Visitor: 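Here you go, one structure.
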Amino acid sequence: MRFLARLLSAVIPLSLMLVGPSEAREWNAIKQSGTIIAATEGGFQPFNYYDGPKLTGFEVDLAEAIAKKLGLKLEWRVVPFDGQIAALKQDRFDFAIASHGYTAERAKSVDFANPHYCTGGQIAAHKDGPLTVAALDGKSVGVQLATTYADAAKKLKGLKAIKTYKGDPEAFAALRANKVDAWISDKFTVKATLDKNPDAGISAGEMVFVERVSMILRKNNKELAEKLNGALAEVMKDGTYKALSEKYFKEDISCR
Ligand code: LYS
């Protein structure tokens with residue numbers, strides 16, 4: 001009996017630690033704590049990425065501005081993109097700002113805030129490679145796992161293969177190394193990547209689809225959704241959004 005009690009007292013706290021604390025909280029709990037917890041990927045330039053040890057990017061700065069409007073400190077969780085929706089459903093953070101495009105499939109399990117930018121998926125390939133949808137016939141495409149680029153690739157007819165990668169840096173590296181004929185990613189990420197790698201001999205090609213990108217949060221967390229949308233509207237109105245957009249893209253990328 002005593003052995004069993006000792007065993008249980010050793011095992012229970014350990015299992016609680018493994019599960020981790022519940023952190024997708026109601027607005028009142030967030031406000032009381034003074035800190036909001038946001039997740040991002042940290043591998044998607046120029047939206048959320050590392051500059052040396054520093055997490056930065058348009059979405060990182062935008063979330064900081066939103067938290068400031070809400071009078072809260074912001075704490076980051078860096079989570080792989082393909083695990084974020086599951087982690088949100090497990091209450092590991094309050095919201096994610098990681099370039100989630102709206103899809104009906106995702107909307108079954110999480111809520112979307114109002115869009116913070118509009119964009120689209122674009123083909124990139126070697127200069128003499130398949131730069132249009134038509135030219136992709138019989139070719140292989142590299143995409144990041146669990147993204148709308150992967151969804152778009154699945155809809156293309158006649159592809160030889162779709163190869164999935166953990167992140168866009170890996171998909172781009174595969175294209176550079178000729179492991180795939182083309183890469184589909186966000187048009188701004190393609191531009192930032194090509195600007196940083198001018199000698200790679202890779203060009204941006206045709207757009208494949210367009211999408212609206214939003215923060216995601218736990219389903220039916222209504223007051224938090226209102227607060228995030230309200231703060232986003234405020235930073236859009238007071239010029240903060242425009243300044244950040246100009247800084248990273250030299251244009252205003254809001255949905256208009
Ligand atoms: N916008 C794409 C999507 O919604 C990609 C987001 C993040 C990619 N690192 O799936």
Side-chain angles (χ1 to χ4, degrees), residues 38-51 55-63 76-89 92-93 95-124 141-156 162-176 180 182-197 204-217 219 228 232 245 248-249 253-255:
T40 196
E41 180 185 8
F44 196 49
Q45 60 176 344
F47 298 103
N48 59 80
Y49 62 100
Y50 279 95
D51 185 6
L55 183 64
T56 187
F58 176 65
E59 289 181 307
V60 172
D61 287 1
L62 184 62
W76 287 104
R77 298 276 190 272
V78 176
V79 181
F81 185 76
D82 64 322
Q84 286 184 10
I85 289 185
L88 179 58
K89 284 172 25 191
R92 299 292 175 95
F93 39 80
F95 71 99
I97 181 161
S99 287
H100 286 90
Y102 178 89
T103 70
E105 189 55 35
R106 288 173 179 165
K108 284 182 197 162
S109 52
V110 298
D111 281 344
F112 283 77
N114 292 333
H116 59 275
Y117 71 93
C118 270
T119 186
Q122 185 174 31
I123 301 168
V141 168
V143 286
Q144 183 183 4
L145 204 63
T147 59
T148 50
Y149 323 124
D151 293 344
K154 279 177 211 150
K155 286 187 199 140
L156 295 175
I162 300 171
K163 293 191 184 165
T164 52
Y165 298 89
K166 192 78 184 160
D168 272 306
E170 290 83 357
F172 175 67
L175 172 61
R176 270 192 97 157
V180 290
W183 167 45
I184 300 176
S185 184
D186 183 88
K187 65 175 181 178
F188 296 112
T189 298
V190 168
K191 184 176 188 311
T193 306
L194 300 193
D195 284 351
K196 279 195 187 158
N197 298 277
E206 200 177 350
M207 296 291 301
V208 184
F209 67 97
V210 293
E211 66 179 351
R212 297 159 78 82
V213 166
S214 296
M215 297 175 268
I216 56 167
L217 61 163
K219 260 209 153 336
L228 291 175
L232 175 62
S245 188
Y248 285 100
F249 308 100
I253 67 164
S254 62
C255 299

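FYI, side chains are in, hydrogens and waters are out, and symmetry mates aren't considered; it's all heavy atoms of this structure. Start at 1 and go down the list; that is how both ligands and their atoms are numbered. Keep in mind it's a predicted model, so treat the numbers as computed, not measured.
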Visitor: Taking only residues two or more places apart in sequence, or in another chain, which ones meet Asp151 in a salt bridge (Lys or Arg N to Asp or Glu O under 4.0 Å)?
Guide: none
Visitor: Ligand 1: which residues have a non-hydrogen atom closer than 4.0 Å?
Guide: Glu41, Phe44, Phe81, Ala98, Ser99, His100, Gly101, Arg106, Gln144, Thr147, Thr148, Tyr149, Asp168, Glu211
Visitor: Side-chain donor-acceptor pair under 3.5 Å between Asp168 and Thr189, yes or no?
Guide: no
Visitor: Which residues pass the salt bridge (Lys or Arg N to Asp or Glu O under 4.0 Å) test with Lys155, not counting sequence neighbours?
Guide: none
Visitor: Using every non-hydrogen atom in the two residues, find where Asp186 and Phe44 come nearest and quote the distance to one decimal.
Guide: CB-CZ, 3.6 Å
Visitor: Looking at residues at least two apart in the chain, or sitting in another chain, which of them share a salt bridge (Lys or Arg N to Asp or Glu O under 4.0 Å) with Asp51?
Guide: none
Visitor: Per the ring pair (Phe, Tyr, Trp, His ring centres under 6.0 Å) rule, which among Tyr149, Phe172, Tyr165 passes with Trp183?
Guide: Phe172
